[in-house]
Amino acid sequence: MPAAQCGEFDYIIVGAGSAGCLLANRLSANPGHRVLLLEAGGEDNYPWIHIPVGYLRCIGNPRTDWCLKTAPEPGLGGRSLNYPRGKVLGGCSSINGMIYMRGQAADYDRWAAAGNAGWSWREVLPDFIAMEHHFDPARALHGHQGEWRVEAQRLSWDILEAFRAAAAQTGIAPVDDFNQGDNAGCGYFEVNQKQGVRWNSAKAFLHPVRQRANLTVLTSAEAERLLMRERRVEGVAFIRHGQRVEARVRREVVLASGAIGSPLLLQRSGIGDPDALRACGIAPAHALPGVGKNLQDHLQLRLVYRLNDKARTLNQLAHSWRGKLGMAWDYALHRRGPLAMAPSQLGAFAKSSPEQPSANLEYHVQPLSLDRFGEPLHRFPAFTASVCDLRPQSRGEVGLGGPALTDAPRIQPRYLSHPDDLRVASDAIRLTRRIVAAPALAAYQPQEYKPGPGYESEAQLHAAAGEIGTTIFHPVGTCKMGGDAMAVVDERLRVRGLRGLRVADASIMPFITSGNTNSPTLMIAEKAARMLAEDAINDTTRPASRPADTIKAANKNQFHD
């Protein structure tokens, strides 16, 4: 049966997550450009998306999460981890921890030093500032006119104040702003919220412009493969409501499906390692051995400390009807309290050992504890000090599980496969214990619940890391930017050896950033949009576009949303 046709566009963006929503906003700002945005998931209208603590109801929920899983991980004792990915408009910004974090200046200077001109800290900082709407107009190096809202958190916990004081006693100084280029210190995370409500990329960038005549947004549209002739990408084939549909492109297709989705679409289209493609029943169309390789992620070690009854934590509130009613009332009236909380309120950046050039550990400190996401909170008072290695040396990969869209992908992060990562993990556990043993926390009598005080030797600490380690949901790097043999895109995010195709999401990071990865992904999209606009001006080979209202009418006649 022939595929349905939904028209011709100047740009087709695949994925309406963090990057895709911003790209749709920027590219459709030119009324002469017709833009199609494809999202495999649904609308972001599930109420728990917008209540900040609702991440507990979104992660692992097939309505909002693709519910992917890793392959069994040897470094984690053979465990297979849940691997959340957003399944609605806004993508992972609709289910993540809402933490606003740029990373360190040295991260981007390292990108530039690896041969990626234009990606140094000095050169990416204007893109962060351009999209930002920061709550403090007096704060230097922040933007106040953009769409990406950054606010202070709207609650406090005594146990977190005590942890911050204990960190200071351990040599981790208090700081007020993690986003000045050097994030060393301990302080409260700033969050992507608006008055106590989650602010995802769909609210920031897509919904305000969705009615533009030159922008078409299709949800439940899962990209099947790229349409190519010779070395040029000419469109996208996708499945929508069981029907195969084709969209044609005049200028470029931009992949914004993230570190999992983008390499998988390339591979289904025959772009990748030829041997791996043949093994999955895919005929190679363009050899790029780096597609799906270089997977990097932050492995968090979740240390749980049981406290005495003096401590007030979310554990007690969540198991008390009085506590639940109080939280609901506070949020309904004031948009404050525990329902407004990000998963982690307090952060700390520190060195795992003195020889580290900068902070290589990030703490997410939470006034709660649970065995794993999706399970109930513990019934005793406790806090979790989750610590991750910011610059892991382990490298994994993403590959097809088969040629069909319904075949589950093969995700193999290979956590703790590099000896340096094992050493950092044991150092991180030791540092956490020193912080918790500081006088500021003594009144709460913290007792190590996980992994437990019996783990002491280097080998035992390595084993503990494998038992308590889990993803903090920061996969990057699978379509890396660079000029070496394993690079997938160049410094202008063009897929090497092909015309009409770019990638603009977390997959292009050659090295993972030293912090949460959502806002760096938006920076990548901001920069990509400017590159696309510049190249459109310089490209005289494309014929002029038809007026936006004409193509909108033509598209509606051919394919109904």
Aromatic Trp48 / basic Arg57 pairing, under 6.0 angstrom, 45° off normal: yes

Residues Arg414, Glu73: salt bridge by 4.0 Å N-O rule: no

Residue pair Gln104 / Asp182, side-chain donor-acceptor N/O under 3.5 Å: no

Donor + acceptor pair across side chains of Asp505, Thr521 (<3.5 Å): no

Side-chain touch Phe9/Leu27, heavy atoms, less than 4.5 angstrom: no

Ion pair Lys203/Asp44, N-O distance below 4.0 Å: no

Test item: side-chain donor near acceptor, Tyr108 and Glu123, under 3.5 Å: no

Geometric class of the Trp121/Phe128 ring pair [parallel <30°, tilted 30-60°, perpendicular >60°]: tilted

Non-hydrogen side-chain atoms of Leu295 and Arg395 separated by less than 4.5 Å: no

Residues Arg492, Glu534: salt bridge by 4.0 Å N-O rule: yes

Worked verdict on Arg251 versus Asp535 for salt bridge (Lys or Arg N to Asp or Glu O under 4.0 Å): CA-CA 10 Å; Arg251 291 190 179 275; Asp535 290 353; over 6 Å; no

Any side-chain heavy-atom pair of Leu532 and Glu252 under 4.5 Å: yes

Arg110/Asp107 ion pair, N-O < 4.0 Å: no

Check: Thr64 and Tyr55 side chains under 4.5 Å, non-hydrogen atoms: no

Min side-chain heavy-atom separation Leu501-Arg494 under 4.5 Å: no

From CA spacing to verdict: salt bridge (Lys or Arg N to Asp or Glu O under 4.0 Å), Glu224, Arg244: CA-CA 9 Å; Glu224 181 184 43; Arg244 189 171 189 271; 2.8 Å; yes

Glu397 and Lys480: CA distance, side-chain angles, deciding distance, salt bridge (Lys or Arg N to Asp or Glu O under 4.0 Å) verdict: CA-CA 12 Å; Glu397 61 182 293; Lys480 81 165 189 172; over 6 Å; no

Residue Arg231 excluded, over 12 heavy atoms near CZ under 6.0 Å: yes

CA sep, side-chain torsions, deciding dist, call: Phe189, His364, ring-ring contact (aromatic ring centres under 6.0 Å, His included): CA-CA 9 Å; Phe189 291 122; His364 293 77; 5.2 Å; yes

Charged N-O contact under 4.0 Å between Asp10 and Arg250: yes

Test: Glu246 and Arg248 ion pair at under 4.0 Å: yes

Salt-bridge criterion met for Arg26 and Glu526 (N-O under 4.0 Å): yes

Min side-chain heavy-atom separation Val236-Leu226 under 4.5 Å: yes

Any residue meeting ring-ring contact (aromatic ring centres under 6.0 Å, His included) with Phe349, in chain and number order, not counting sequence neighbours: Phe178

For Ser201, the option from Ser94, Ser519, Ser93 that meets side chain to side chain donor-acceptor pair (under 3.5 Å): Ser93

Presence of salt bridge, Glu39 and Arg210, under 4.0 angstrom: no

Pairwise side-chain contact, Asp421 with Arg391, heavy-atom cut-off 4.5 Å (strictly under): no

Lys293 side chain reached by Asp273 side chain, heavy atoms, under 4.5 Å: yes

